[in-house]
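Everything quoted here is computed from the prediction, not taken from an experiment. Reminder, nothing fancy here: chain letters follow the sequence lines and each chain counts from 1.
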There are 2 protein chains.
Amino acid sequence: MNRQQKKQDEKVSRNTRSTKLKLLKAATKEFADKGLNGARVDGIASRAGVNKQLLYYYFGDKEKLFVAVLEAAYVKLRKKEKELHLEDMNPWQAIETLVGFTFDYIAHNRQFVALLNDENIHHAQHIKRSKTIKGLHSKLLELLSEVLKRGAKEGLFRKNVDPIEFYISLASLCYFFFSNNHTLSAIFARNLTGAAQKEARRKHIFEFITAYLKI
Amino acid sequence: MNRQQKKQDEKVSRNTRSTKLKLLKAATKEFADKGLNGARVDGIASRAGVNKQLLYYYFGDKEKLFVAVLEAAYVKLRKKEKELHLEDMNPWQAIETLVGFTFDYIAHNRQFVALLNDENIHHAQHIKRSKTIKGLHSKLLELLSEVLKRGAKEGLFRKNVDPIEFYISLASLCYFFFSNNHTLSAIFARNLTGAAQKEARRKHIFEFITAYLKI
DNA sequence: TTTATTTCTAACTGTTTAGTTGATAAAATA
DNA sequence: TATTTTATCAACTAAACAGTTAGAAATAAA
């Protein structure tokens, strides 16, 4: 049995790609769960079911693994963004798609939210150092900019909307509900974790953004 | 020289209140800076300029000190909220005051934002356990609820606005810009830390919220 | 003034933790 | 088949760290 066949069988005990992937997935969970400082190297290794030393063999150290986790998370996001094709839609369609995508992506990728939260505590020092992440410049802002202009020209949208301010507002409205869900639930003494609350939030955000854009 | 005189002189080397306060201030900085897991007990003690053991003497352990820090932060916030007196204002005035207060409070209390971020990573477990914080129920939501109803009745505001959704949106718009400032700056390759950017953000939030509320 | 209590200090301890070493087994190459 | 390279493991290490101890000094109470 040669190597190629073994790969297909996925029964290999020795395989760089699968070991790295197992570590990356385990690390994503551990870092999202406990933050960079709270995460344990032994915890990551045992979650991945591999020897701890392989973490050092493949990633160097804990912090470099954290950077690799962030990079993988951004690669995933940018890939999804590319599939939106806002440029082919009419302005209202494009905004609706963008808002829905942003909300749903955050809702389904809570680990990403947790990682970003932690990265902000560390003043984004890892993202700032990562050429990979900087290289993945999102085209979303350019696309949004074009959509806002088109909408304004067609008399559908408010004029002179700053795309960065608008995008930050959109991200805020979607992100905060999830990132701060636990403290919000505690302070309001109300359960905000349910599906109904999530759907209500989604609807409210659409209303909020629509009200701002429409003339 | 008796104890009372010494207190007035503020030259006492032995004083429960001042030692606890020094520790609390130092811990607030350290926790905001490095998170619960990143913070060092020795770091807090040396920042405070007191012996490490006093931290255990007065607060029990690191985690109880963290709870005390959160409690002090909430006490401070609730105190400021009380001074708003939204009930005496007309609906638009009240909303303007609330938005301005929320933005400015967050802008001037970045440590609070950092602490909340970290507490969310820990699933709000400390806030949930704290009777002090739960006891400090904010009247803001009741006041906001009343303002929204009054505004709707007077034909100024959109009808049937859910006060919790609205409050979460307001908090989102103010909070996210500061909590995620570092990653936003890195991703957009733009400096969002300056005073001009902050002022632009403040203005945008007013426009956004006004657009939603007005009929 | 003596005794008890409170506040504070320096040195210590046991554990946890990131990271290392050195050897071994599997796979690829010659 | 022999040799080199790659992947994996168990055991170890040094440092960092939260928390403790035992007692001293200041203050208050008796």
Side-chain angles (χ1 to χ4, degrees), chain A residues 1-27 30-31 33-69 118 122 125-126, chain B residues 1-27 30-31 33-69 118 122 125-126:
Chain A
M1 190 187 259
N2 66 23
R3 187 158 224 199
Q4 203 54 39
Q5 284 172 319
K6 281 195 184 169
K7 263 189 193 172
Q8 284 160 4
D9 289 345
E10 297 203 30
K11 278 182 180 177
V12 267
S13 56
R14 300 200 155 202
N15 184 318
T16 295
R17 185 164 300 172
S18 92
T19 301
K20 281 187 83 170
L21 214 75
K22 274 192 249 169
L23 278 167
L24 215 55
K25 280 196 169 183
E30 180 94 0
F31 285 134
D33 228 48
K34 304 180 183 173
L36 172 58
N37 281 310
R40 295 291 155 245
V41 165
D42 289 286
I44 293 167
S46 78
R47 272 190 209 243
V50 306
N51 188 282
K52 175 168 71 151
Q53 204 278 330
L54 292 176
L55 187 155
Y56 293 93
Y57 183 62
Y58 286 117
F59 295 97
D61 62 22
K62 188 186 179 186
E63 213 162 342
K64 281 178 193 136
L65 176 57
F66 186 69
V67 172
V69 164
D118 201 58
H122 293 94
Q125 57 172 293
H126 308 97
Chain B
M1 191 186 257
N2 68 22
R3 187 159 227 197
Q4 202 56 36
Q5 283 172 322
K6 278 192 184 171
K7 262 188 192 170
Q8 284 161 3
D9 289 344
E10 298 203 31
K11 278 182 179 177
V12 266
S13 55
R14 301 199 154 201
N15 183 318
T16 295
R17 184 164 298 170
S18 92
T19 301
K20 281 187 84 169
L21 213 77
K22 275 191 248 170
L23 278 166
L24 214 56
K25 279 195 169 184
E30 180 95 0
F31 286 134
D33 229 49
K34 305 179 183 173
L36 173 57
N37 281 310
R40 296 293 155 242
V41 165
D42 288 285
I44 293 168
S46 78
R47 273 191 209 242
V50 306
N51 188 283
K52 175 169 70 152
Q53 204 277 333
L54 293 175
L55 188 155
Y56 294 93
Y57 182 62
Y58 286 116
F59 294 97
D61 62 22
K62 188 187 178 185
E63 213 163 343
K64 282 178 193 138
L65 176 57
F66 186 68
V67 172
V69 164
D118 201 57
H122 293 94
Q125 58 172 292
H126 308 95

Base of D:dA7 paired with side chain of A:N51 (donor-acceptor, under 3.5 Å): no
Atom pair CZ (A:F31) and CG (A:L36), whose distance is rounded to the nearest 0.5 Å: 5.5 Å
D:dA7 phosphate, OP1 or OP2, under 4.0 Å from A:T19 side-chain N/O: no
Any residue of residues 57-67 of chain B with a heavy atom less than 4.0 Å from an atom of DNA chain D: B:D61, B:K62
From CZ (A:F66) to NE2 (A:H122), nearest 0.5 Å: 7.0 Å
Atom-pair distance (CG on A:L54; C1' on D:dA10), nearest Å: 12 Å
Selection from D:dT21, D:dT8, C:dA18 that lies nearest to any side-chain heavy atom of A:Q53: D:dT8
Sidechain-backbone polar pair: B:K25 side chain, B:K20 backbone, donor-acceptor under 3.5 Å: no
Between C:dT15 (C1') and A:R40 (CZ): distance, integer Å: 12 Å
Nucleotide nearest B:V41 when distance is taken to its side chain, options D:dT8, D:dT20, D:dA18: D:dA18
Between C:dT16 (C1') and B:N37 (CG): distance, integer Å: 13 Å
Straight-line distance of B:L55 CG to B:L65 CG, nearest 0.5 Å: 5.0 Å
Note: B:E30-B:R47 ion pair, threshold 4.0 Å (strictly below): yes
Straight-line distance of B:L24 CG to B:F59 CZ, nearest 0.5 Å: 5.0 Å
Sugar-phosphate, base or nothing in reach of B:A45, heavy atoms under 4.0 Å: nothing
Interatomic distance where NZ belongs to A:K52 and P belongs to D:dC9 [whole Å]: 14 Å
